[in-house]
Amino acid sequence: LFVPRVEGHESVNSIGTVVGQHASAQIQELFQEYFEWKWSLVPESASSKGLYDLLHGDELNDMSLNYIKKIPTNCNKFKNRAQAILDSVKTNPRTEYFLNVLKYEAKACIQGFQQEGYLLAPISFMNGVHIKLTKFFKGNNMKLRSLKDFQNAIKRLRKIPKQIDEVITLLNLGIASGKTHANESVFRTKDQLERLQVRPEASEFYEIFKNIGDFLPQLDSSYVQSIQIEAKAVIRGKVLPAFKKLQNYIHGPYSKHFR
């Protein structure tokens with residue numbers, strides 16, 4: 001996918017300092033919209049970067065074909081807006097440089113999507129969906145400063161089966177198009193996925209819920225227990241079955257089409 005390359009824990013408004021405060025309101029608005037749109041494509045990464053102002057707090061990456069196919073259309077709109085400014089407005093060299101960078105990225109996005117690389121949905125042993133999601137639910141990758149934040153984390157858990165189904169749909173389309181993963185990049189995932197099948201309280205997806213008191217020492221113990229019970233139920237009833245479904249698909253029907 002078209003992946004953002006902004007680094008560090010930037011605030012939502014930090015793009016202004018990159019472009020230059022001297023840039024016109026029209027140019028500032030273009031870059032701000034582009035900045036926010038790129039991060040909206042990968043809310044898991046945005047959350048990990050601390051860009052909470054861009055999020056509702058319960059998002060996972062949307063990997064549906066319908067959503068993915070809108071990306072090059074939006075890239076083209078941003079490219080055209082940048083070109084229109086270059087054609088009609090005299091800008092200083094710094095601003096012109098960043099407008100051309102935007103155009104370059106957007107053009108690469110449009111051309112890249114023609115290759116349908118999204119049909120190689122992330123299932124490798126190095127960066128598969130099972131790797132990135134377990135990492136996301138460990139450590140400090142989402143805002144956990146209130147009871148609502150932990151409730152949002154549970155909402156994210158509930159959305160994992162949908163993302164897994166979207167991955168399977170893309171892989172099925174890849175089979176039909178002759179675009180499939182190589183055995184070498186996938187065969188190790190069988191053991192990785194199998195290791196996810198543990199008791200909910202031992203799951204990596206439960207780690208942030210184990211020590212809620214460390215995040216919210218003021219929270220009443222009854223609320224803590226309620227959140228923990230719900231998290232374990234969702235992991236047991238939705239998350240682990242979804243990954244077992246993915247495991248059975250990859251190392252069942254899909255394996256017959258490995259390159």
Side-chain angles (χ1 to χ4, degrees), residues 1-9 38-52 54-65 67-68 71 112 117-144 149-150 152-174 179-182 184-198 200 202-210 231 234-235 238-251 254:
L1 294 179
F2 181 49
V3 180
R5 296 184 298 167
V6 180
E7 299 296 337
H9 292 260
K38 288 208 299 180
W39 283 111
S40 75
L41 300 177
V42 283
E44 295 162 27
S45 297
S47 181
S48 298
K49 294 291 188 182
L51 297 173
Y52 305 131
L54 297 179
L55 305 169
H56 297 295
D58 62 352
E59 302 95 329
L60 288 184
N61 294 355
D62 189 337
M63 301 184 70
S64 65
L65 184 64
Y67 185 79
I68 288 171
I71 294 175
Y118 52 83
L119 298 181
L120 296 171
I123 58 168
S124 76
F125 71 91
M126 294 184 67
N127 61 0
V129 64
H130 59 297
I131 300 292
K132 71 179 184 66
L133 283 176
T134 51
K135 286 182 177 179
F136 182 63
F137 277 88
K138 293 168 64 176
N140 191 26
N141 292 315
M142 60 183 85
K143 185 181 179 184
L144 297 172
D149 292 336
F150 279 94
N152 280 336
I154 292 176
K155 289 180 181 179
R156 280 174 159 148
L157 284 175
R158 292 184 182 277
K159 292 178 179 179
I160 288 177
K162 177 178 179 290
Q163 190 178 102
I164 297 298
D165 285 342
E166 290 167 351
V167 166
I168 292 174
T169 295
L170 293 175
L171 295 173
N172 271 325
L173 292 170
K179 296 181 175 70
T180 60
H181 285 272
E184 291 77 7
S185 65
V186 181
F187 78 95
R188 298 185 196 178
T189 63
K190 186 173 185 179
D191 289 340
Q192 291 176 333
L193 288 162
E194 188 61 40
R195 287 197 293 271
L196 295 180
Q197 301 301 317
V198 297
S203 171
E204 293 175 280
F205 292 99
Y206 186 68
E207 286 197 9
I208 61 172
F209 300 98
K210 281 181 182 177
V234 174
I235 292 168
K238 292 184 177 295
V239 176
L240 299 185
F243 281 107
K244 176 57 72 172
K245 178 180 180 179
L246 180 64
Q247 178 184 345
N248 291 339
Y249 172 76
I250 293 172
H251 299 284
Y254 190 76

Does any part of the side chain of [Y], heavy atoms only, come nearer than 4.5 Å to the side chain of [X], both counted from C-beta?
{"X": "L60", "Y": "L133", "result": "yes"}
{"X": "I123", "Y": "T189", "result": "no"}
{"X": "F136", "Y": "M142", "result": "yes"}

Between [X] and [Y], is there a donor-acceptor pair closer than 3.5 Å when you use the side chain of the first and the backbone of the second?
{"X": "Q192", "Y": "F125", "answer": "yes"}
{"X": "D62", "Y": "L41", "answer": "no"}
{"X": "H251", "Y": "K190", "answer": "yes"}
{"X": "Q197", "Y": "L240", "answer": "yes"}

**Message:** Just to verify, what does Y249 make a ring-ring contact (aromatic ring centres under 6.0 Å, His included) with, not counting sequence neighbours?
**Reply:**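 Y249 satisfies ring-ring contact (aromatic ring centres under 6.0 Å, His included) with Y254 once adjacent residues are dropped.
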**Prompt:** V167 pairs by side-chain contact (heavy atoms from CB on, under 4.5 Å) with which of L170, D165, L171?
**Reply:**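 Answer after filtering L170, D165, L171: L171.
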**Asked** Is the ring centre of F243 less than 6.0 Å from the ring centre of F205?
**Response**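 Yes, the ring centres sit under 6.0 Å apart.
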**Request:** Answer yes when E59 and K159 have at least one side-chain N-carboxylate O distance shorter than 4.0 Å, and no when they do not.
**Result:**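 No.
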**Asked** Are N172 and T169 linked by a side-chain donor-acceptor pair shorter than 3.5 Å?
**Response**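 Checked: N172/T169 side chains show no N/O donor-acceptor pair below 3.5 Å.
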**Asked** So does K210 have more than 12 non-hydrogen atoms from other groups sitting under 6.0 Å from NZ?
**Response**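 For K210, atom NZ is crowded (more than 12 foreign heavy atoms under 6.0 Å).
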